[in-house]
Each structure stands twice: as C-alpha cells, then as structure tokens.
Visitor: 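Encoded as structure tokens, here's the structure I'll be asking about.
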Protein chains: 2
Amino acid sequence: MEQMSRNLAFQLKKIRQQRHLSLDDVAKATGVSKAQLAQIEKGEANPTVSTIWKIAAGMRISFSSLLQPPTAHYMRFSSKDVPHVDEDEGRYRVYSIIPYNPERGWEFYKVEMEPGAVSRSEAHTEGVEETVMLIKGQAVISAGDMNELLDEGDTLVFSGHQPHEYRNTSEGLTIFHLILQYK
Amino acid sequence: MEQMSRNLAFQLKKIRQQRHLSLDDVAKATGVSKAQLAQIEKGEANPTVSTIWKIAAGMRISFSSLLQPPTAHYMRFSSKDVPHVDEDEGRYRVYSIIPYNPERGWEFYKVEMEPGAVSRSEAHTEGVEETVMLIKGQAVISAGDMNELLDEGDTLVFSGHQPHEYRNTSEGLTIFHLILQYK
DNA sequence: TACAGATGTCCGATAAAATAAACAACAGAA
DNA sequence: TTCTGTTGTTTATTTTATCGGACATCTGTA
C-alpha cells in the first residue's frame, strides 16, 4: 500500500524536475494545492483518485506513468518473519515469500509437506495458473483428469480453475515452490 | 474526476458479481469496509490510493483492470458550450472539442484563423506529437527547418518538441483540426 | 548590505473518506 | 406462518485528505 505512495512520489518529482517546474507551477496547472503536492512528493500522502486524476490531467500524462515503480530498483524479502499458514494439523505449511502485488500480478510461496500430508484447494475463480517446482521429496498433484507424480527437479504448470489436490507420497519431507499467476 | 469513479464502480461490481461474492466477502478479503465498498460500487465515492490498493490486492487483480472504462461505451461532446481560447486579438480561435483524458492520452481541438492570423507556440516538453488536418482555407506551418503549406484535405504530423508557428496565408477563414498526442 | 522574488515546508481549519454498527429487505427452511 | 441467516443500505463517529496562508530558506540584484 505505501508502496504506491513511493512510486507516486518518485514519478511526480521526476516529471516535475524534468520539466523544470516548481510546486507552484504544478499547483496552478493541476488545481491541487501546493501543500498537498509537497506531501505527495515526500511519499507522506494517501491521495484520492480525484487528486491523482487532476495531476495526471494537468500534467498531460497517463495514470500508469504516475503509478509505475522506478526502474532499476530492487527489493529484498528476508527469510525472517515470513508469514506462514498451516493446514492438515500443521503437516502442510505454506510460507508466503513474495505476497501478491497488483503491479506484479503473481505471488510466490514455499510449501513444506510432512510424509502423507494432503492439501485440497477449491477451484480458483477464472484464470489462475499454478506453477509447481519440486525441490525435495516427491508429490502427486491431481486436478480433473490430471494426475502427475513429481520428483526432485520436476516442474508442473496447470490451470487452477478446478479443484485440485497436493499429496506427499514420499517417506520424508517434501518441499516445493509455488507461483500463482492471476488474470 | 468522476469519470474515474464510474469506471471503478462498474469494474468492481462486475468482478464481484462474476465471482459470486457479497459485499461482506469482499470486505473480508480486502480489509475495506462494506459501507465504503457499497459507495464505490455506486460511483458515489472518491477513494484513496490505499483503498484501491487494498481492493486490487485482496481481489488479486491489477490496477488497470479496476480503472478501465467499460467496453462498448460511447460519449458525446455537444457543439454547444465548447470552451475556447482566443489569441492574436481574437483572430486565432481554439475550440477544445475533446479535453485531455489520462486514459486516452490525447486531446482534440478545432482551430479557426482569420486571414493573416499567426500563432506561435513554445516548445512542448518532450514527446508531444501534433497532427493537423486542414479543413478549409490554407495555412503554413513552420518548425525548425520544416516549412509546409497545407491546402484543404492535407494532413501534417510533426513533433512539437521545438517552437513552431501557424500562419493563415489565404484570403479567407482557415479552419483545421488539431490532435495533440502526449508521451 | 538590503531587498525582492521564488522556492519548498509547516500549521490550523475544514471538508470528506473510512469505519463500525444499526437497519430494512428478502430469502429459504422448519 | 415464524424464524434465522444473508444481503445491501443507511447512520453516526472517527480519522484524515485537502486547502489557504504563514513561514523559513535561498537565490540574484541593486
């Protein structure tokens, strides 16, 4: 969420400086007060859509150019404090490595399954694509008429639009990475 | 402005109904209050970016899909109350037919020039492209080393990144359409 | 130096966005 | 019918986005 404010702050300041405009100039061109513009450029604001509209219209730019994240940027997700959810009485553990982000459109999980653990998922609405990369152990993934056994190094891509099931068929811990791609 | 609210209203309601969710469901998934969601779906709200972020993230959709205007829609601009600006002592008249819109990225003008009228424009910042379609009369358009004479039916496209000039070289009124394309 | 203009920041007041809770309308089930 | 749960709407309250104006800082100029 304040991811957005940072992008906005960066892009607005960049465009304003590229055009050699002062805050007063932009305020005059957009109808947004100088104070508010200053707050936005410092990333300390949470503007309304009408404010963003005024800025985009006044500056003759698109929304996307205002909301785009700065290029050549990187982001690190620490292995500490990764939120996780348990199923099947703690024998199926899901770690959210990269949470969903509207700009990105996908999310990334690490999953650990104890021997014999099972997880069932309802059908996700419309176009969700699941990508499973098996790191350690063995798992069977079923959906409709699909029934695939994955060993270490195997990767499976399938549509999540129907109910599906993950099952650890090995004697030990099974670990895999999971990407959920939306829309 | 409230163009935005309408799009948002339409798209959110559409997605919610496609997925057979109630306002309570969406409220739980996004962390945005039911009351606010109801207002948004009715187009009576002016949400903040953080609210939109929460909705997009919770519903696993992108911003663009939330802000896109409904397809198969049309919009009429009446010839009445078209705002216009005068230059060169009223001998150069600019009518704003379609004002700039951040989703569209361009704007549309009708221009009327009395005989001998001249208009000079400063260089527009960065990537502005001008398209002139001459409807009636005759005009010379100059920019840098370009110097083009346009007759009825002629069209000229050029970059507006340097100072340029419009001049009516005919004996009568000259009329042309002008599209300004940004970015 | 003093001055004037321009720039970005800060502050109090106000309008409005967001929430939680109460409410009405409606459904299906006993 | 009555009851119970689910839906969307409305209301009251809190929170905050926005504005206008005051302020401090820094120019370049006389």
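Note that these values count all heavy atoms, side chains included, but never hydrogens, waters or copies made by symmetry. In what follows, chains are A, B, ... by sequence order, proteins preceding strands, each numbered from 1.
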Visitor: Output all residues satisfying side-chain contact (heavy atoms from CB on, under 4.5 Å) with A:A57, sequence neighbours left out; order by chain, then residue number.
Guide: A:W53, B:Y100, B:P102
Visitor: Quick one: B:L21 CG to D:dG8 C1', roughly how many Å, whole number?
Guide: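 Computing the B:L21:CG to D:dG8:C1' distance gives 15 Å.
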Visitor: Between residues 22-31 of chain A and DNA chain C, which residues have a heavy-atom gap below 4.0 Å?
Guide: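 Result for residues 22-31 of chain A: A:S22, A:L23, sorted by number.
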Visitor: For C:dG8, take OP1 and OP2 only and decide whether either is under 4.0 Å from a side-chain N or O of A:R16.
Guide: yes
Visitor: Atom CG of A:L8 and atom C1' of D:dA17: how far apart are they, to the nearest Å?
Guide: 14 Å
Visitor: Is A:E87 salt-bridged to A:R120, going by a charged N under 4.0 Å from an acidic O?
Guide: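 Judged by the 4.0 Å cut-off on N to carboxylate O distance, A:E87 and A:R120 do not form a salt bridge.
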Visitor: Kindly write out the residues that satisfy side chain to side chain donor-acceptor pair (under 3.5 Å) with B:Q11, not counting sequence neighbours, or none if the list is empty.
Guide: none
Visitor: Enumerate, atom names and distances included, each donor-acceptor pair closer than 3.5 Å involving a side-chain atom of residues 131-139 of chain A, sequence neighbours excluded.
Guide:
residue, atom, partner, partner atom, Å
A:Q138, OE1, A:T169, OG1, 3.3
A:Q138, NE2, A:D151, OD1, 2.9

Visitor: Set out, line by line, the N/O atom pairs under 3.5 Å between protein and nucleotides 10-15 of chain D.
Guide:
residue, atom, partner, partner atom, Å
D:dT10, OP2, B:K42, NZ, 3.3

Visitor: Quick one: list whatever passes side chain to side chain donor-acceptor pair (under 3.5 Å) with B:T155, sequence neighbours left out.
Guide: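 Applying side chain to side chain donor-acceptor pair (under 3.5 Å) to B:T155 gives none.
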Visitor: Taking side-chain contact (heavy atoms from CB on, under 4.5 Å) as the test, write out the residues that go with A:L67, two or more places apart.
Guide: A:M4, A:L8
Visitor: Touch check for A:T48, heavy atoms < 4.0 angstrom, all strands: base, sugar-phosphate only, or nothing?
Guide: sugar-phosphate
Visitor: Check the distance between C:dT7's C1' and A:H20's NE2 and give it to me in whole angstrom.
Guide: 16 Å
Visitor: How close or far is atom P of C:dA16 from atom CD1 of B:I40, stated in whole angstroms?
Guide: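 Atom CD1 in B:I40 sits about 17 Å away from atom P in C:dA16.
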Visitor: Return the set of residues passing side-chain contact (heavy atoms from CB on, under 4.5 Å) with A:P99 (not counting sequence neighbours), or none when no residue passes.
Guide: A:F77, A:S96
Visitor: Without decimals, in angstroms, what is the distance between B:K13 NZ and D:dT9 C1'?
Guide: 12 Å
Visitor: Sequence neighbours excluded, which residues qualify as side-chain contact (heavy atoms from CB on, under 4.5 Å) partners of A:K42?
Guide: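 For A:K42 the side-chain contact (heavy atoms from CB on, under 4.5 Å) partners, ignoring immediate neighbours, are A:E44.
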